[in-house]
Amino acid sequence: MFKYEFAIRLQKNQYFPVTLSRTARVKHGQFIVVRTEKGEEVAKLVKIPEPVIEQWKENLPEPVPMVRTVTQKDLDNLKDRDEKERQAFVKCLELVDKHELPMRLVTSSYTFDKKRLTFYFTANGRVDFRDLLKNLTQTFRRTRIDLRHIGVRDETSLIDGYGLCGRQFCCSSWLKKFNSVNIRLAKDQGLPINPTKISGTCGRLMCCLNYEYPIYLEAAVGMPPVGSGVMTPEGIGRVCALHFLNSTAVVKLEDGRVSEFKKHEIEMLDEDVTGINIDISDYTQEQTDEDIQIDLSELEDKDDEYT
């Protein structure tokens, strides 16, 4: 029998089962104090769903021990911690400016017991922050100081917000790790290569391009390539564009007309259709706006970004 009834969510949206004492009386949604490798933290209990239990039987994460339920004193300490985090952030900003370091401070975070203080920052390449760390150690005595270099995707995850879809960022709500996203995914899906439409708040390609790509691959089965000759119910033509999710192809016919046909209505021709000239950019969204000059590599993940 699975002995864990509750779990908590820690950073990176990962859930861990909670070890409760025999006398503990807790319920779903209740806040408790737990002991992690970083120190004591406050977290919300969630009832573990049956599908998660089945998955965890194969690879159970390291259980986290419960210390106690949250008291009013703990809630007051949380407010005090939030204020200390703001003060620490301002102080670190001053020191970064003082040392003229090429880094952008994102946020600061205390553990609940205030024994560990972590500063998260972004930077282009490595930063020599030894003098900064020395000053921070002298300023925040009896506190362990961590300086964590993160990537722009991690920055967005920490700050949180809402995407173009109107929902909370995937990286803030449920995504555990970032998978590589490249520009080919957008091109294969026929999306406009425009940074305002295919990149997220982080400035990188949207993670959802990865989620939708298998659907496009499945929809592309049996579709003729763009530029190929086909036989349609209205005669011979050449494929100008594909609408995968509608299972249709846009075809330019011999008389110059352009029509849209379902994939089951057309048949590919072995021979080349030489008399029908097409300009693919007239029928697809792959072109960028004329006023937007972009380096597509800037939208992709960088090897020197750290998490």
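Keep in mind that the numbers below use all heavy atoms, side chains included, and drop hydrogens, waters and symmetry copies.
- Within the 4.5 Å cutoff, no side-chain heavy atoms of Ile150 are placed close to those of Phe121.
- In this structure, the side chain of Glu265 engages the main chain of Lys262 through a donor-acceptor pair within 3.5 Å.
- Taking 4.5 Å as the limit, every side-chain heavy atom of Ile48 sits out of range of all side-chain heavy atoms of Tyr15.
- With hydrogens and angles left out, the side-chain atoms of Thr248 and Glu260 include a donor and acceptor closer than 3.5 Å.
- Note that the NZ atom of Lys79 and the CD atom of Glu83 stand 12.5 Å from one another [nearest 0.5 Å].
- For the atom pair Glu85 CD and Asp80 CG, the distance stands at 10.0 Å (nearest 0.5 Å).
- When the side chains of ILVMFWY residues are joined at heavy-atom separations under 4.5 Å, either directly or via intervening members, Leu132 and Val90 end up in two distinct hydrophobic clusters.
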Would you check, one step at a time, whether the test side-chain contact (heavy atoms from CB on, under 4.5 Å) holds for Ser157 with Phe169? CA-CA 7 Å; Ser157 174; Phe169 293 150; over 6 Å; no
How far apart are the C-alpha atoms of Met231 and Ile266, what are their side-chain angles, what is the distance that settles it, and do they pass the side-chain contact (heavy atoms from CB on, under 4.5 Å) test? CA-CA 6 Å; Met231 176 62 72; Ile266 58 180; over 6 Å; no
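- No side-chain heavy atom of Phe6 sits less than 4.5 Å from a side-chain heavy atom of Pro17.
- Of all non-hydrogen atoms in Leu164 and Thr196, the two that sit nearest each other are CD1-O, 4.2 Å.
- Identified under the salt bridge (Lys or Arg N to Asp or Glu O under 4.0 Å) test for residues 59-73, with sequence neighbours left out: Arg68-Asp74.
- Counting all heavy atoms, side chain and backbone alike, Asn277 lies closest to Lys252 at O-NZ, 2.8 Å.
- The shortest distance between side-chain heavy atoms of Val181 and Arg153 falls below 4.5 Å.
- Rounded to the nearest 0.5 angstrom, Leu105 CG and Met103 CE are separated by 6.0 Å.
- By the rule that hydrophobic residues join a cluster once side-chain heavy atoms approach within less than 4.5 Å of another member, Tyr120 and Phe140 end up as members of separate clusters.
- Between Thr143 and Lys115 there is no side-chain heavy-atom pair separated by less than 4.5 Å.
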Kindly list each side-chain donor-acceptor pair under 3.5 angstrom involving residues 25-36, sequence neighbours excluded, with atom names and distances?
{"from": "His28", "atom 1": "ND1", "to": "Lys47", "atom 2": "N", "distance (Å)": "2.9"}
{"from": "Gln30", "atom 1": "OE1", "to": "Lys27", "atom 2": "N", "distance (Å)": "3.1"}
{"from": "Thr36", "atom 1": "OG1", "to": "Lys38", "atom 2": "N", "distance (Å)": "3.2"}
{"from": "Thr36", "atom 1": "OG1", "to": "Gly39", "atom 2": "N", "distance (Å)": "3.4"}
{"from": "Thr36", "atom 1": "OG1", "to": "Gly39", "atom 2": "O", "distance (Å)": "2.9"}

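- Expressed to the nearest 0.5 Å, how far CG of Asp128 lies from CG of Leu101 amounts to 8.0 Å.
- When every heavy atom of Ile193 is checked against every heavy atom of Lys187, the shortest pair comes out as CD1-CG, 3.8 Å.
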Kindly determine whether Lys98 and Glu94 satisfy side-chain contact (heavy atoms from CB on, under 4.5 Å), including the steps that lead there. CA-CA 6 Å; Lys98 174 184 176 181; Glu94 294 175 354; over 6 Å; no
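- Note on Tyr162 and Ile159: separate hydrophobic clusters, where clusters join Ile, Leu, Val, Met, Phe, Trp and Tyr whose side-chain heavy atoms are under 4.5 Å apart, directly or indirectly.
- Inter-residue side-chain proximity for Lys84 and Lys114 is flagged as met; some heavy-atom pair is nearer than 4.5 Å.
- Atom CD of Gln55 has 12 or fewer neighbouring heavy atoms from other residues, nucleotides or ligands inside a 6.0 Å radius.
- Between atom SG of residue Cys92 and atom CG of residue Leu147 there is a gap of 6.0 Å, rounded to the nearest 0.5 Å.
- Applying the side chain to side chain donor-acceptor pair (under 3.5 Å) criterion to Thr118, with sequence neighbours excluded, gives no partner residue.
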Under the criterion side-chain contact (heavy atoms from CB on, under 4.5 Å), I'd like the reasoning laid out for Val251 against Val258: C-alpha separation, chi angles, the key distance, then a yes or no. CA-CA 6 Å; Val251 180; Val258 176; over 6 Å; no
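- Using a 4.5 Å heavy-atom threshold, the side chains of Ile236 and Leu269 count as touching.
- Both Val127 and Ile145 are part of a single hydrophobic cluster, where members link through side-chain heavy atoms under 4.5 Å apart.
- The backbone N or O of Ala123 lies less than 3.5 Å from a partner atom in the side chain of His149, making a donor-acceptor pair.
- Gln189 places a side-chain N or O within donor-acceptor distance of the main-chain N or O of Leu185, the cut-off being under 3.5 Å.
- Asp270 CG to Glu267 CD: the interatomic distance, rounded to the nearest 0.5 Å, is 8.5 Å.
- Annotation for Val18 and Ile8: closest pair CG2-CG2, 3.6 Å, computed over non-hydrogen atoms.
- In summary, the side chains of Asp76 and Gln72 do present a donor paired with an acceptor at a separation below 3.5 Å, with no hydrogens or angles considered.
- Thr122 places no side-chain N or O within 3.5 Å of a backbone atom of Gly151 that could act as its donor or acceptor partner.
- Summarising the geometry of Phe119 relative to Ala88, their closest heavy-atom pair is CE2-O, 3.5 Å, with the distance given to 0.1 Å.
- When side chains are defined from C-beta on, Val67 counts as touching Glu40, because their heavy atoms get closer than 4.5 Å.
- Under the 3.5 Å distance criterion, the side-chain polar atoms of Arg9 are matched with a main-chain donor or acceptor of Ser173.
- The ring pair (Phe, Tyr, Trp, His ring centres under 6.0 Å) pairs that include a residue from residues 63-113 number zero, where partners must be two or more places apart or lie in different chains.
- Taken together through direct or relayed side-chain contacts under 4.5 Å among Ile, Leu, Val, Met, Phe, Trp and Tyr, Val70 and Leu45 form parts of separate hydrophobic clusters.
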Expected list for residues 208-227: side-chain donor-acceptor pairs under 3.5 angstrom, two or more places apart:
{"from": "Asn210", "atom 1": "ND2", "to": "Ser180", "atom 2": "O", "distance (Å)": "3.0"}
{"from": "Tyr213", "atom 1": "OH", "to": "Arg184", "atom 2": "NH1", "distance (Å)": "2.8"}
{"from": "Tyr213", "atom 1": "OH", "to": "Asp188", "atom 2": "OD2", "distance (Å)": "2.8"}

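- Looking at residues two or more places apart in sequence or on another chain, you find a salt bridge (charged side-chain N to carboxylate O under 4.0 Å, His left out) between Glu234 and Arg257.
- Minimum heavy-atom separation, Ile183 to Leu205: N-CD1, 3.4 Å.
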